[in-house]
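A short write-up of the structure that comes next.
Numbering of ligands and ligand atoms starts at 1, following listing order. Basis for what follows: all heavy atoms, side chains included, without hydrogens, waters or symmetry-related copies. These numbers were taken from a predicted model, which means no experiment stands behind them.
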Amino acid sequence: MMATDAARTRRAWLLMALAPADRSYGGNDGYEDDISTFYSWNSRVPNSRAIAVGDRVVLWDKLGLLGFSTVEKITTGTGTVDRRLCPTCGSADIKYRKTKSPDWRCFDCYTEFDDADTEVVEVTTFRADYGSEWVDAPGVMTAAEVRRLALSPRSQHAMREADWQVVQDALVSKGRQA
Ligand SMILES: [Zn+2]
């Protein structure tokens with residue numbers, strides 16, 4: 001096997017699954033996920049074009065591991081997302097605050113406000129299907145343990161690259177065959 005093929009078979013992606021109410025980044029809307037069968041994202045997400053058929057995927061959320069699988073198909077399309085903007089300065093660097101009022105805060109001009117402006121942005125949409133090889137593994141690892149599997153453990157991205165061999169070793173150490 002050539003080195004590039006070996007690298008390909010080892011590649012995994014840690015995919016963060018978020019409940020709609022938890023999507024705190026102001027700029028992103030319009031995701032839909034059924035975590036055991038497919039994951040969808042758009043071209044505004046870092047690494048959006050890097051994931052490929054044959055890559056391993058590891059689904060997790062803020063509570064920990066959910067399961068893992070292998071990508072069977074990537075479907076691309078076009079769509080739009082609503083981008084939320086600060087009504088005062090127009091910045092997209094705003095954050096929704098679940099527990100504070102006003103609901104939103106701008107990190108550029110520091111205004112706080114209840115209603116963000118909305119701008120419709122065209123995006124490329126991506127969907128990875130992986131349902132046939134899905135393995136349920138809820139709670140097998142904590143979120144902190146999953147986060148450490150990423151090549152960049154401090155990454156905040158929804159899609160984080162990892163080494164499948166490292167993921168497999170971690171699963172085996174938890175008593176799970178991968
Ligand atoms: Zn602002």
Side-chain angles (χ1 to χ4, degrees), residues 11-52 55-68 71 74-130 138-139 141-163 167:
R11 189 159 72 163
W13 295 95
L14 312 179
L15 303 181
M16 172 65 94
L18 292 180
D22 289 336
R23 287 172 190 146
S24 64
Y25 174 49
N28 288 303
D29 276 330
Y31 293 87
E32 48 161 349
D33 295 310
D34 171 358
I35 60 107
S36 66
T37 58
F38 70 91
Y39 188 83
S40 56
W41 67 97
N42 66 52
S43 47
R44 301 186 67 220
V45 177
N47 296 322
S48 67
R49 295 175 192 280
I51 187 168
D55 286 353
R56 311 292 180 137
V57 289
V58 177
L59 275 288
W60 64 303
D61 66 13
K62 64 185 179 184
L63 296 179
L65 182 65
L66 298 166
F68 50 90
V71 176
I74 304 269
T75 309
T76 61
T78 55
T80 60
V81 294
D82 288 340
R83 189 168 178 237
R84 304 286 174 79
L85 304 172
C86 171
T88 302
C89 75
S91 171
D93 190 12
I94 63 176
K95 187 175 174 75
Y96 182 78
R97 309 182 299 177
K98 274 174 286 193
T99 58
K100 286 185 182 168
S101 184
D103 289 341
W104 295 84
R105 182 166 194 266
C106 176
F107 286 87
D108 280 335
C109 72
Y110 304 110
T111 303
E112 298 180 342
F113 47 94
D114 280 320
D115 295 304
D117 282 354
T118 300
E119 173 184 69
V120 178
V121 180
E122 295 208 5
V123 294
T124 302
T125 59
F126 300 88
R127 170 176 159 144
D129 282 88
Y130 48 75
M141 286 186 223
T142 66
E145 288 168 335
V146 176
R147 191 175 297 113
R148 283 198 290 270
L149 298 175
L151 296 185
S152 304
R154 296 158 76 113
S155 170
Q156 300 290 314
H157 299 328
M159 308 172 71
R160 305 176 195 183
E161 190 170 1
D163 182 324
V167 176

> side-chain hydrogen bond (donor to acceptor under 3.5 Å, both in side chains) with Arg148: which residues, sequence neighbours excluded?
Replying inline: none
> Salt bridge check: are Asp129 and Arg127 linked by an N-O gap of less than 4.0 Å?
Replying inline: yes
>> I need the protein N, O or S atoms closer than 2.8 Å to the Zn ion (ligand 1), given as residue plus atom name.
In response: Cys86 SG, Cys89 SG, Cys106 SG, Cys109 SG
> Is the side chain of Tyr130 donor-acceptor paired with the backbone N or O of Phe38 at a distance under 3.5 Å, no angle test?
Replying inline: yes
>> Holding to side-chain hydrogen bond (donor to acceptor under 3.5 Å, both in side chains), I want the full list of residues that pass it with Asn47, two or more places apart in sequence or in another chain.
In response: none
With a cut-off of 3.5 Å and sequence neighbours excluded, list every side-chain donor-acceptor pair involving residues 108-117.
residue : atom : partner : partner atom : Å
Asp108  : OD2  : Ser91   : OG           : 2.4
Glu112  : OE2  : Arg97   : NH1          : 3.1
Asp114  : OD1  : Asp103  : N            : 3.3

> Under the 3.5 angstrom rule, does the side chain of Arg160 hit a backbone N or O of Ser155 as a donor-acceptor pair?
Replying inline: yes
